[in-house]
A.B. asks: 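Below you'll find the structure I mean.
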Amino acid sequence: MADTIEAAGLAIHPGLLSPAEQRALLSDIAAVIRKAPLFRPTMPRTGKPFSVMMTNCGPLGWVSDKTGYRYQPRHPETGKPWPPMPDRLVALWRSLGAPAEPEACLVNMYDEGAKLGMHQDSDERTYDAPVVSVSLGDTAVFRMGGTTRRGPTRSVRLSSGDVVVFGGESRLMYHGIDRVLSGSSRLIDGGGRINLTLRRVTPWSDAPSL
DNA sequence: TAGTAACC
DNA sequence: GCTA
């Protein structure tokens, strides 16, 4: 395990999760996907499909369709509430010193060829809490930039078990996935990469009313 | 608008 | 810079 990289509130923790922890988490997520099947979001206005498949767990889930990006309490296809956040993810969030409790866990499934263009996580009503990202399965070529669309970017490989915390200035940094290195991990049967992003959507002061 | 093209 |  290499040293933790830290800059402007960004913390990359290579190999934070042991192989046993990765397998346990993957098992939790497989159960989530059985209850809340992966769906393919589409772009606002154009309706162009994402290459990434998604689902969520926790009280709120991120979705996108022709009408826009938003958080909502129910699966867009089944109409059912998102499955509960696994205890293991709440424990991870707390272990990283994040405030309150995570309200949303977006599950992104990358098959071979899937990618995600550069974007900011800015659909939340609060940016006080960090975004916590967990990588499972095949290695991703992750690109990160600054807090505006233009400017220099750098490329970082994220392997299974790596955890990234976007806090402080880095909370609104542009980032994306250039590609996934097929066959680089044996964690997921059939290959691919699963990324979990834990987020706080509403300010902590609003939380008791949830 | 988390996609994509096209042009440099 | 386009998209509906």
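Here is the naming used below: chain letters follow the sequence lines, and residue numbers restart at 1 for every chain.
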A.B. asks: Who does dT1(B) pair with, Watson-Crick or G-U, both distances under 3.5 Å?
C.D. replies: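 Across any shown strand, dT1(B) pairs with none.
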
A.B. asks: Round to a whole Å and report the spacing from CZ of Arg70(A) to C1' of dA2(B).
C.D. replies: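 For the pair Arg70(A) CZ and dA2(B) C1', the rounded distance is 14 Å.
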
A.B. asks: Does any residue of residues 43-56 of chain A have a heavy atom under 4.0 Å from DNA chain C, and if so, which ones, in number order?
C.D. replies: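 Listed by number, they are Arg45(A), Thr46(A).
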
A.B. asks: Pick out which of Asn195(A), Asp162(A), Thr197(A) makes a side-chain hydrogen bond (donor to acceptor under 3.5 Å, both in side chains) with Ser133(A).
C.D. replies: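 So, applying the side-chain hydrogen bond (donor to acceptor under 3.5 Å, both in side chains) to Ser133(A) and each of Asn195(A), Asp162(A), Thr197(A), only Asn195(A) qualifies.
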
A.B. asks: For residues 25-39 of chain A, which residue pairs qualify under salt bridge (charged side-chain N to carboxylate O under 4.0 Å, His left out), counting only residues two or more places apart or in two chains?
C.D. replies: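 Residue pairs with at least one partner in residues 25-39 of chain A: Asp28(A)-Arg88(A).
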
A.B. asks: Does Lys66(A) make a side-chain N or O approach to OP1 or OP2 of dT1(B) shorter than 4.0 Å?
C.D. replies: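 Lys66(A) to dT1(B) OP1/OP2: no side-chain N or O under 4.0 Å.
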
A.B. asks: Tell me the interatomic distance from Asn195(A), atom CG, to dA2(B), atom P, rounded to whole angstroms.
C.D. replies: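 For the pair Asn195(A) CG and dA2(B) P, the rounded distance is 17 Å.
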
A.B. asks: Rounding to a whole Å, what distance do you find between Asp65(A):CG and dA2(B):P?
C.D. replies: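 It works out to 14 Å between those atoms.
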
A.B. asks: Looking at Gln72(A), I want to see if its CD is surrounded by more than 12 non-hydrogen atoms of other residues, nucleotides or ligands under 6.0 Å.
C.D. replies: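 Yes, the 6.0 Å shell around CD holds more than 12 heavy atoms from other groups.
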
A.B. asks: Please determine which of Val165(A), Val156(A), Val163(A) meets the side-chain contact (heavy atoms from CB on, under 4.5 Å) test together with Ile12(A).
C.D. replies: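 Result: among Val165(A), Val156(A), Val163(A), Val156(A) is the only option passing the side-chain contact (heavy atoms from CB on, under 4.5 Å) with Ile12(A).
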
A.B. asks: Can a side chain N or O of Arg149(A) be found less than 4.0 Å away from OP1 or OP2 on dA2(B)?
C.D. replies: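 For dA2(B), OP1/OP2 do have a side-chain N/O of Arg149(A) under 4.0 Å.
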
A.B. asks: Roughly how many Å is it from OH in Tyr110(A) to C1' in dG3(B), rounded to a whole number?
C.D. replies: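 Rounded to the whole Å, the gap is 14 Å.
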
A.B. asks: What is the distance, to the nearest angstrom, from the CG atom on Leu116(A) to the P atom on dT4(B)?
C.D. replies: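 These atoms are roughly 10 Å apart.
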
A.B. asks: Name the closest nucleotide to the Arg199(A) side chain, picking from dA4(C), dA2(B), dT4(B).
C.D. replies: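 Shortest atom-to-atom distance from the side chain points to dA2(B).
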
A.B. asks: Flag as yes if Tyr174(A) stacks onto the base of dA2(B) (centroids under 5.5 Å, planes under 30°), otherwise no.
C.D. replies: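 No, aromatic ring not over the base.
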
A.B. asks: Run through Gln22(A), Arg157(A), Arg193(A) and flag the one making a side-chain hydrogen bond (donor to acceptor under 3.5 Å, both in side chains) with Ser135(A).
C.D. replies: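 With Ser135(A) as partner, Gln22(A), Arg157(A), Arg193(A) yield a single side-chain hydrogen bond (donor to acceptor under 3.5 Å, both in side chains), made by Arg193(A).
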
A.B. asks: Could you state the OH-C1' distance from Tyr71(A) to dA2(B), rounded to the nearest angstrom?
C.D. replies: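 Roughly 11 Å, once rounded to whole Å.
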
A.B. asks: Among residues two or more places apart or on two chains, list those pairs meeting salt bridge (charged side-chain N to carboxylate O under 4.0 Å, His left out) that have a residue in residues 56-69 of chain A.
C.D. replies: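 Passing the test, one end in residues 56-69 of chain A: Asp65(A)-Arg70(A).
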
